[in-house]
Amino acid sequence: MKQIGLDFFRRDTVTVARELLGKVLVVDGCAVRIMETEAYTADKASHAFTLTQRSEIMYETYGHVYVYFIYGMYFCVNFTTEQEGSPGAVLIRAGEPLQGVAKMKERRGVTRREDVCSGPGKLCQALGIERRHNGLEVGNEVMLFDDGYVVGKMGRSRRIGIRDAKHLLWRFFVKGSEFVSGEKK
DNA sequence: GGTGGGATTAGCT
DNA sequence: GCTAATCCCACCA
């Protein structure tokens, strides 16, 4: 079990998005294996398309947690990428519950394992990720590990829920997994 | 099985 | 004022 540090993120965003598949995300004693990610740089679908107070973290950091609030009810968690001045982040969209499953099911109000974190809003709810986690450096409250798991077949597609820059195939997922978001498996 | 709308607020225009 | 990197439930077939 090797902990992933800052340097992992100081690279091309798409590369980081692909390599995050299969890694283990740990928050508050709960662990999930990342099964679906999306890359965002300064493209038109990204918050970093314009530099604002919210997107500033994507420009100025790498290996930091970027949490944003969406649709008036949900949070989504990202890890910032690329060196300072070059904006980027990887959205964690879905995972397979590994540890603390009972706690996550309770927070989500579900019973089936595939309903725990098969979507970005669900994943944050399951792990208890909220506004207060925004800006934290990876490795403290929010940790990532490489446990040697090897991803079988990787699928890729357009990103979900965006209006612009639809031509980019920047969504990555573990093919055939029941733990990815409903869209395309 | 599939679709349509409502929830609810920050951030931009 | 409007829309958003979403989710869930009611309703129809």
Side-chain angles (χ1 to χ4, degrees), chain A residues 9 12-21 23 25 27 32 34-82 86-97 104-136 138 142 155-174 177-185:
Chain A
F9 298 93
D12 169 72
T13 305
V14 169
T15 302
V16 174
R18 296 165 64 114
E19 292 193 14
L20 275 175
L21 288 182
K23 301 297 189 286
L25 173 59
V27 183
V32 307
I34 296 170
M35 287 296 178
E36 183 180 344
T37 61
E38 282 178 359
Y40 287 89
T41 57
D43 61 278
K44 204 152 181 255
S46 172
H47 294 161
F49 184 68
T50 49
L51 175 56
T52 63
Q53 200 165 36
R54 180 173 69 165
S55 69
E56 192 176 23
I57 188 171
M58 290 177 66
Y59 282 81
E60 296 190 345
T61 70
Y62 54 89
H64 281 60
V65 180
Y66 168 39
V67 177
Y68 64 86
F69 190 58
I70 190 74
Y71 294 112
M73 344 173 68
Y74 300 106
F75 293 101
C76 292
V77 65
N78 303 249
F79 291 99
T80 59
T81 57
E82 317 235 358
S86 181
V90 174
L91 170 66
I92 310 301
R93 283 194 60 90
E96 174 184 357
M104 291 193 285
K105 281 179 177 172
E106 192 185 332
R107 283 201 276 235
R108 287 270 304 123
V110 300
T111 52
R112 287 157 57 204
R113 206 159 149 257
E114 56 269 36
D115 291 334
V116 171
C117 45
S118 50
K122 300 178 191 178
L123 184 130
C124 282
Q125 194 178 23
L127 290 171
I129 294 174
E130 300 173 12
R131 222 182 302 275
R132 66 184 186 84
H133 296 278
N134 187 48
L136 294 177
V138 70
V142 180
R156 75 184 293 177
S157 75
R158 292 144 96 117
R159 293 170 291 180
I160 309 288
I162 54 163
R163 190 179 54 186
D164 302 307
K166 287 188 173 169
H167 60 287
L168 297 171
L169 302 178
W170 282 2
R171 170 177 176 248
F172 303 96
F173 56 96
V174 176
S177 170
E178 34 187 334
F179 300 104
V180 309
S181 69
E183 306 289 334
K184 240 183 278 180
K185 303 194 178 172

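Computed from heavy atoms alone, side chains included, the values below leave out hydrogens, waters and symmetry copies. No experiment lies behind these values; they were computed from the predicted model shown.
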Heavy atoms under 4.0 Å, any strand shown: does [X] hit a base, just sugar-phosphate, or nothing?
X: A/T50; result: nothing
X: A/F69; result: sugar-phosphate
X: A/G121; result: sugar-phosphate
X: A/I162; result: sugar-phosphate

Atom pair distance, as rounded to whole Å: [atom1] in [X] and [atom2] in [N]:
X: A/M58; N: C/dA5; atom1: CE; atom2: P; result: 11 Å
X: A/Y66; N: C/dA5; atom1: OH; atom2: C1'; result: 9 Å
X: A/L123; N: C/dA5; atom1: CG; atom2: C1'; result: 14 Å
X: A/E38; N: C/dT6; atom1: CD; atom2: C1'; result: 12 Å
X: A/Y40; N: C/dA4; atom1: OH; atom2: C1'; result: 11 Å
X: A/R158; N: C/dA5; atom1: CZ; atom2: P; result: 16 Å
X: A/R163; N: C/dT3; atom1: CZ; atom2: C1'; result: 8 Å
X: A/I92; N: C/dT6; atom1: CD1; atom2: P; result: 14 Å

Distance col, row A/R93:CZ vs A/M35:CE, nearest 0.5 angstrom, shows 15.0 Å
Say you draw a straight line from CG of A/L21 to CD of A/E36; how long is it, rounded to the nearest 0.5 Å? 9.0 Å
Side-chain (A/S55) to main-chain (A/T50) donor-acceptor, under 3.5 angstrom: yes
Can any side-chain N or O of A/K122 pair as donor or acceptor with the backbone N or O of A/V116 at less than 3.5 Å? no
Between [X] and [Y], which heavy-atom pair has the shortest distance, and what is it?
X: A/S181; Y: A/G119; answer: CB-CA, 4.2 Å
X: A/E114; Y: A/E178; answer: CB-O, 3.7 Å
X: A/Y40; Y: A/A45; answer: CE2-O, 3.7 Å

Residue-level proximity of residues 106-118 of chain A to DNA chain C when a heavy atom falls under 4.0 Å: A/R108
If you measure from the C1' atom in B/dG5 to the same atom in C/dT3, how many Å do you get, rounded? 16 Å
Please give the distance between the P atoms of B/dG6 and C/dC2 as a whole number of Å. 15 Å
Below 3.5 Å, can you tabulate the donor-acceptor pairs from side chains in residues 124-133 of chain A to any protein atom, sequence neighbours excluded?
unit_1	atom_1	unit_2	atom_2	d
A/Q125	OE1	A/R108	NH1	2.8
A/R132	NH1	A/E141	OE1	3.2
A/R132	NH1	A/E141	OE2	3.4
A/H133	NE2	A/G128	O	3.3

Do you see a donor-acceptor pair shorter than 3.5 Å between the side chains of A/T13 and A/T41? no
Could you tell me if the side chain of A/V16 sits less than 4.5 Å from the side chain of A/F79, heavy atoms only? no
Got a list of side-chain donor-acceptor pairs under 3.5 Å for residues 62-73 of chain A, not counting sequence neighbours?
unit_1	atom_1	unit_2	atom_2	d
A/H64	ND1	A/Y62	O	3.0
A/Y66	OH	A/H47	ND1	2.6

Reading DNA chain C 5' to 3', how would its secondary structure be written in dot-bracket notation, given Watson-Crick and G-U pairs with both distances under 3.5 Å, brackets [ ] for crossing pairs and | for partners on other strands? ||||.|||||||.
Face-to-face stacking of A/Y74 with C/dT6, centres under 5.5 angstrom, angle under 30°: no
When the nearest nucleotide of DNA chain B is assigned to A/M73 and to A/R131 on a heavy-atom basis, which residue is associated with the more 5' position? A/M73
Choosing from C/dA5, C/dC8, C/dT3, which nucleotide comes nearest the side chain of A/K122? C/dC8
Going 5' to 3' along DNA chain B, which nucleotides are the first and last within contact of chain A (any atom under 4.0 Å from a heavy atom)? B/dA7 to B/dC12
Could you name each residue pair satisfying salt bridge (Lys or Arg N to Asp or Glu O under 4.0 Å) that touches residues 52-76 of chain A, not counting sequence neighbours? none
